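Notes for the one structure printed next.
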There are 2 protein chains.
Amino acid sequence: MAETSRTDSQSNALPAGLEDNLGWLLAQCFRAHMIAAETAVADLPHGARGYLALCGAATCSARNQAELAKQLGVDRTVMVYLVDDLEKAGLVERLPDPADRRSRLIRATVAGVERLNAAQHAISAAESALLATLGQDEQRQLREMLHRIAASQVLGPAAPCPNAGPGADPCSS
Amino acid sequence: MAETSRTDSQSNALPAGLEDNLGWLLAQCFRAHMIAAETAVADLPHGARGYLALCGAATCSARNQAELAKQLGVDRTVMVYLVDDLEKAGLVERLPDPADRRSRLIRATVAGVERLNAAQHAISAAESALLATLGQDEQRQLREMLHRIAASQVLGPAAPCPNAGPGADPCSS
DNA sequence: TATTGTTATACTCTATAACTATA
DNA sequence: TATAGTTATAGAGTATAACAATA
């Protein structure tokens, strides 16, 4: 009925009605981040997904392969190929779980941690451009709020990491 | 180098090193939102993607089909099926562009706007749970910051909408 | 009986190429 | 020549089902 006044400044404006659409905004920002980080993760086995799996392995975010799959939102059958290729590349390793002989502990190797650090360094540079419209405090706020949302959704349990074995601890870097 | 002190409270905590990983956080929040809104968009032709396409059509975010494809990050060949099915469902319509006979204007029908409003209503309820850990001011801040990031990335041009034809204006609801 | 990891198979989704019509 | 839209085909990606080992 009433015509929306579209006389506001058109510079840098999203179409009316989308600036409050959280689903749209998250999709746009997520995709923008993927595009920005694309080259940084291009040499990793499965691109962005391989990077996230490596992140999970290096930070011991999951107890075993199935849990990591849940965290990444992929099928456990897909996780096999994912870990297979990361393992072939020498970035992660499958260790037997002393507590459960069925499951495998996915741990980042030293080379994997190094590659991860390199990737994260490149991603940081890309993120600077992505977050250029935000101040330093706002960037911290954004991360903190996203973290609070992610933590409230128990997509993957935040259990203490049992991967700390006799070898080098990849979580300490 | 310096060992990060890991003595902070483990309640609701993501594994160390992930709480600052913007890529991880965006992926988690985006997926959490998709899962939360899943049932609300389940009856739309292509689920979440169909919902976003309908959002774009209703808000006239893109000039034509190709531009909408760019905004959604899908191939233009995929866009054909997407719009096809939305059109079959009577949610959008392809209109000839008076300025360019090659392109088609994708406009939401009245039924499409109604379905969109219903979906957005259901999604709002789901978002309340998703954002429960944030205060009202924080939720506004989050949307505003995401909006600023999305607007700074010119994934799709924010051009004035030429869809306002002789028929009912779907952008006014 | 349920779960972890694995494999093979079938399915869905996506992209490449080619075509028509317009610019 | 370049672009918008479409179609058909081939490829990549994904899930389903079945299996062995273990809880």
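Here the structure is a predicted model, which means the values were calculated and not measured. Proteins come first, then strands; the chains are lettered A, B, ... in the order of their sequence lines, and each starts at number 1.
- For B:Asn64, the side-chain atoms get nearest to D:dG5 when compared with the rest of D:dT22, C:dA23, D:dG5.
- Judged as a side-chain contact (heavy atoms from CB on, under 4.5 Å), and not counting sequence neighbours, the contacts of B:Glu127 are A:Leu22, B:His33, B:Ile123, B:Arg143.
- Candidate nucleotides D:dT16, D:dT6, C:dT9 were compared by shortest atom distance to the side chain of A:Tyr81, and C:dT9 ranks first.
- As a whole-Å value, the separation of B:Leu82 CG from D:dT6 P is 12 Å.
- The A:Asp100 side chain lies nearest to D:dT22 when the options are D:dT22, D:dG5, C:dT6.
- Remark: C1' of D:dT3 and CZ of B:Arg63 are 11 Å apart, rounded to the nearest angstrom.
- Look at CZ on A:Arg76: it is 13 Å from C1' on D:dA21, rounded to the nearest Å.
- Contact annotation for B:Arg104: backbone-only contact, meaning every heavy-atom pair under 4.0 Å involves sugar-phosphate atoms and none involves a base.
- Nearest-nucleotide assignment on DNA chain D puts the 5′-proximal partner with B:Asp84, out of B:Asp84 and A:Thr77.
- Closest to the side chain of A:Asp75, from the set D:dG5, C:dT6, D:dT16, is D:dT16.
- Atom CD in A:Glu87 sits roughly 12 Å away from atom C1' in C:dG5 (whole-Å rounding).
- Closest approach to the A:Arg102 side chain among D:dA2, D:dT7, C:dT3 is made by C:dT3 (side chain taken as heavy atoms from C-beta onward).
- Applying the side-chain hydrogen bond (donor to acceptor under 3.5 Å, both in side chains) test between B:Glu144 and each of B:His147, B:Arg148, B:Gln141 identifies B:Arg148 as the sole match.
- For A:Glu67 and C:dT4, the CD to C1' distance is 12 Å, given to the nearest whole Å.
- Note that CD of A:Gln71 and CG of B:Leu18 are 8.0 Å apart. Values are rounded to the nearest 0.5 Å.
- The CE atom of A:Met79 sits 15 Å away from the C1' atom of D:dT14 (whole-angstrom rounding).
- Atom CD of A:Gln65 and atom C1' of D:dA21 are 15 Å apart (whole Å).
- A 4.5 Å side-chain heavy-atom check between B:Leu82 and B:Leu72 finds at least one atom pair inside the cut-off.
- For the 3.5 Å distance criterion, the side chains of B:Gln153 and A:Arg31 fail to qualify, holding no donor opposite an acceptor.
- A sub-4.0 Å separation between OP1 or OP2 of C:dT6 and a side-chain N or O of A:Arg94 is present.
- Checking the phosphate oxygens (OP1, OP2) of C:dT4, no side-chain nitrogen or oxygen of A:Arg101 falls inside 4.0 Å.
- What separates CG of B:Leu68 from P of D:dT3 is a distance of 19 Å, to the nearest Å.
- Distances shorter than 4.0 Å separate none of the side-chain N or O atoms of B:Arg49 from OP1 or OP2 on C:dT12.
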